[in-house]
Amino acid sequence: MTNAPDSAPASDFIRDRIRADLASGKVQQVVTRFPPEPNGYLHLGHAKAITLGFSIAKEFGGRCNLRMDDTNPAAEDQEYVDAIKADVRWLGFEWDAMYYAADYFDQIYAWAEQLVQKGLAYVDDQDADAIAASRGTLTAPGKNSPCRDRSPAENLQLLRDMKAGKFADGQKVLRAKIDMAHANLNMRDPVMYRIRHMHHQRTGDRWCIYPMYDWAHGQSDSIEGITHSLCTLEFEHHRPLYDWFCDSLGIEKPQQIEFARLNVEYMLTSKRKLLLLVEGKHVDGWDDPRLPTLRGLRRRGYPPQALVAFCKHVGVAKFNSTHEIGLLEFHVRDWLNKNALRRMAVLDPVRLVIDNWPAGEVEMVDAQNNPEDQNAGTRKVPFAGELLIEREDFMENPPKDFFRLAPGREVRLRFGYFVKCTGVDKDAAGNITTIRCTYDPTTKGGNAPDGRKVKATIHWVSAAHALDAEVRLFEHLFTSPDPASADGGDFLKLLNPRSKRVVRGKLEPSLRDAKGGEAFQFERVGYFYCDDQDSKAGAPVFHRTVSLKDSWQKAQQKGGK
RNA sequence: UACCCCGUGGUGUAAUCGGUAGCACAGCAGGUUUUGGUCCUGUUGGUUCCUGGUUCGAGUCCAGGCGGGGUAACCA
């Protein structure tokens with residue numbers, strides 16, 4: 001990889017802090033965790049957090065846990081738990097321990113009673129609206145609840161009654177007793193427990209009160225002995241509360257450190273917005289290759305190694321920023337270039353006939369599987385007198401800097417022969433139906449014995465042997481690099497109508513045996529992924545992962561229109 | 001109009017105890033090449049948000065300003 005290797009550990013404010021904690025003896029062994037809520041699928045933003053958490057643990061010889069932050073049964077589901085585990089493993093990480101916040105419910109509850117007995121928490125009878133109304137605003141202080149001064153004994157009884165199911169949903173709530181005038185609204189007597197007579201995917205019907213995030217997260221971290229609790233910037237204002245709970249309980253207090261979440265051009269990484277795209281059928285499900293979900297990226301053909309390399313390269317800071325999608329694509333190409341087998345495929349075919357080719361003869365030519373990897377070997381590809389080439393590789397009246405086929409020009413057919421264009425056949429409408437050529441039999445394999453050179457090598461496929469297959473061409477899902485800040489928040493207006501195009505390609509026959517999950521480079525075109533979802537035996541379906549860099553096209557766009 | 005966080009080339013990120021800015025991607029130019037891919041080489045971009053201050057010396061410390069982001073769920 002071209003990015004910083006593991007031998008030269010990254011330096012950033014988090015790692016600096018960890019080094020300092022290790023040096024001072026505050027921390028013996030680093031323990032981190034990735035704590036997703038199982039209420040949705042993981043996306044690229046999570047990949048950054050996962051890469052960070054696991055990489056740091058590894059770099060410092062520590063451990064990293066995977067913990068389901070499953071404290072709200074309303075939105076969570078076992079399906080997501082399974083999907084999250086699979087996605088983390090797909091990225092290439094393995095947790096040292098798998099935990100569930102729900103498994104800590106007994107301990108967390110015991111701690112709640114402790115706080116009540118210390119006079120640091122109370123049961124409030126107010127409903128949600130009343131609590132919201134009395135919380136005050138960003139500029140005005142809140143008002144104390146009429147229940148705020150209940151005695152510890154009464155509060156304890158009430159809390160036990162809550163736990164025992166004596167109250168209906170929303171009837172009572174347990175609150176921390178901090179300061180209703182605090183500048184940080186999170187400190188204005190935050191709710192710790194709410195009543196939810198609801199089945200939990202892990203604890204079943206054992207509980208009818210569930211802890212809020214703030215009242216479960218830090219405690220879970222503490223139980224697991226997390227040393228550095230990494231999270232995104234929006235939790236900064238929660239840190240005082242995180243600390244307050246641990247301090248009030250007198251338990252081990254992990255260090256919460258916040259970092260900026262990952263933003264990438266043309267991508268949306270908000271569970272809510274992704275949900276709108278999926279439910280509104282603007283994409284074909286959570287694993288649509290145009291989505292930044294890990295499952296979508298997988299089906300797009302983005303190698304996990306490339307994603308991780310990207311996440312490492314991106315670094316970590318406290319400044320919100322948006323990365324160019326080109327950087328992601330660089331890492332994808334970088335990995336695929338070294339690992340993807342080369343094949344030939346013509347996506348927009350035009351017929352090419354070699355007039356002096358021996359009638360009916362088919363020759364099997366040797367083709368390299370990967371010039372970047374000599375161990376990849378070679379394969380045989382059928383070559384014949386009637387071929388298909390890419391329409392854009394021929395021009396009847398080419399500009400001077402067009403190197404490909406044109407009347408009177410000679411080019412190399414990759415791994416085949418030199419051919420010279422002698423003319424074209426057209427239909428009544430003037431469209432080119434056939435490009436006529438002659439070949440030089442002495443240039444077998446692509447080299448001329450007389451040493452003459454050609455300026456271009458183009459790819460081809462034998463018309464009689466070509467595999468007709470579905471190829472899906474993807475582009476950015478949005479027309480704007482920043483769909484999140486769409487006019488009036490309506491990012492749906494920015495959907496790119498060309499984000500998915502389906503074509504029938506003409507592929508070299510060996511691709512008939514492509515298996516779902518395999519990645520190829522269609523020479524001179526791009527990287528393609530054999531979709532494991534829709535491919536059938538003998539009928540593979542390919543997804544364009546990313547195109548090859550095309551300096552010819554770039555020059556065209558710059559010069560012309 | 002409260003509080004918190006942040007502000008380095010186009011993008012992102014780095015710079016030991018303060019010693020005059022590095023890397024990657026992108027861009028540009030050239031070379032190699034049976035992919036106008038890869039690879040190699042060279043190269044253009046920064047008054048480190050602004051203004052003051054401390055200092056022999058500040059991206060790094062201090063003050064003020066400007067700009068960006070975040071926060072008012074019985075969500076996480």
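Being a predicted model, the structure only gives us computed values, none of them experimental. To find a chain, count down the sequence lines: A is the first, B the second, and so on, and within it residues start at 1. Both backbone and side-chain heavy atoms feed into the values below; hydrogens, waters and symmetry mates do not.
- The base of B:U38 lies outside donor-acceptor range of the side chain of A:Arg333, with no N or O pair under 3.5 Å.
- Comparing the C1' positions of B:C62 and B:U55 gives an interatomic distance of 12 Å, to the nearest angstrom.
- Distance from the side chain of A:Glu324 is smallest for B:U11 among the nucleotides B:C74, B:U11, B:A15.
- For RNA chain B, the neighbouring residues in residues 121-131 of chain A, judged by any heavy atom under 4.0 Å, are A:Gln126, A:Asp127, A:Ala128, A:Ile131.
- Looking at heavy-atom distances under 4.0 Å, A:Pro481 makes no contact with the nucleic acid at all.
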Cut-off 3.5 Å, no hydrogens considered: what does the side-chain donor-acceptor table look like for residues 168-184 of chain A, sequence neighbours left out?
| unit_1 | atom_1 | unit_2 | atom_2 | d |
| --- | --- | --- | --- | --- |
| A:Asp169 | OD1 | A:His197 | N | 2.8 |
| A:Lys172 | NZ | A:Asp125 | OD1 | 3.0 |
| A:Arg175 | NE | A:Asp124 | OD2 | 3.2 |
| A:Arg175 | NH1 | A:Asp189 | O | 2.8 |
| A:Arg175 | NH2 | A:Asp124 | OD2 | 3.1 |
| A:Lys177 | NZ | A:Arg148 | O | 3.2 |
| A:Asp179 | OD1 | A:Ala181 | N | 2.8 |
| A:Asn184 | OD1 | A:Asn186 | N | 2.9 |
| A:Asn184 | ND2 | A:His237 | O | 2.8 |

Below 3.5 Å between N/O atoms, which protein atoms pair up with nucleotides 28-30 of chain B? Just atom names and distances, please.
| unit_1 | atom_1 | unit_2 | atom_2 | d |
| --- | --- | --- | --- | --- |
| B:C28 | OP1 | A:Lys558 | NZ | 2.8 |

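- Applying the 3.5 Å distance criterion, the base of B:A76 shares a donor-acceptor pair with the side chain of A:His238.
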**Study point:** Dot-bracket encoding per residue of RNA chain B, Watson-Crick/G-U cut-off under 3.5 Å, | denoting interstrand
**Key:** .((((((..((((........)))).(((((.......))))).....(((((.......))))))))))).....

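- Comparing B:U8 with B:G59, their C1' atoms sit 7 Å apart, to the nearest whole Å.
- The stretch residues 364-375 of chain A comes close to RNA chain B through A:Pro371, A:Glu372, each having a heavy atom under 4.0 Å from the strand.
- Applying the side-chain contact (heavy atoms from CB on, under 4.5 Å) test to A:Asp450 and every residue at least two apart in sequence or in another chain returns A:Ala448, A:Arg452.
- A cation-pi arrangement, defined by a distance under 6.0 Å to the six-membered ring centre and an angle within 45 degrees of its axis, is present between A:Arg202 and A:Tyr100.
- With P as the reference atom, B:U48 and B:U20 are 14 Å apart, rounded to whole Å.
- In this structure, of B:U13, B:C74, B:C39, it is B:U13 that holds the atom nearest to the side chain of A:Ser321.
- Regarding contacts with the backbone of B:U38, a side-chain N or O of A:Lys549 is found under 4.0 angstrom from either OP1 or OP2.
- A distance-only check finds no donor-acceptor pair linking the side chain of A:Asn320 to the backbone of A:Ala260 [under 3.5 Å].
- In this structure, the nucleotide among B:U13, B:C74, B:C4 sitting nearest to the side chain of A:Ala317 is B:U13.
- Judged by distance alone, the side chain of A:Arg544 and the main-chain N or O of A:Tyr527 form no donor-acceptor pair under 3.5 Å.
- Nearest to the side-chain atoms of A:Asn337 among the listed nucleotides B:A2, B:C25, B:U38 stands B:U38.
- B:G12 sits 16 Å from B:A26 when the P atoms are compared, rounded to a whole Å.
- For A:His323 and B:G12, a side-chain-to-base donor-acceptor distance below 3.5 Å is absent, hydrogens and geometry of angles not being considered.
- With hydrogens and angles ignored, no donor-acceptor pair under 3.5 angstrom links the side chain of A:Glu265 to the base of B:U11.
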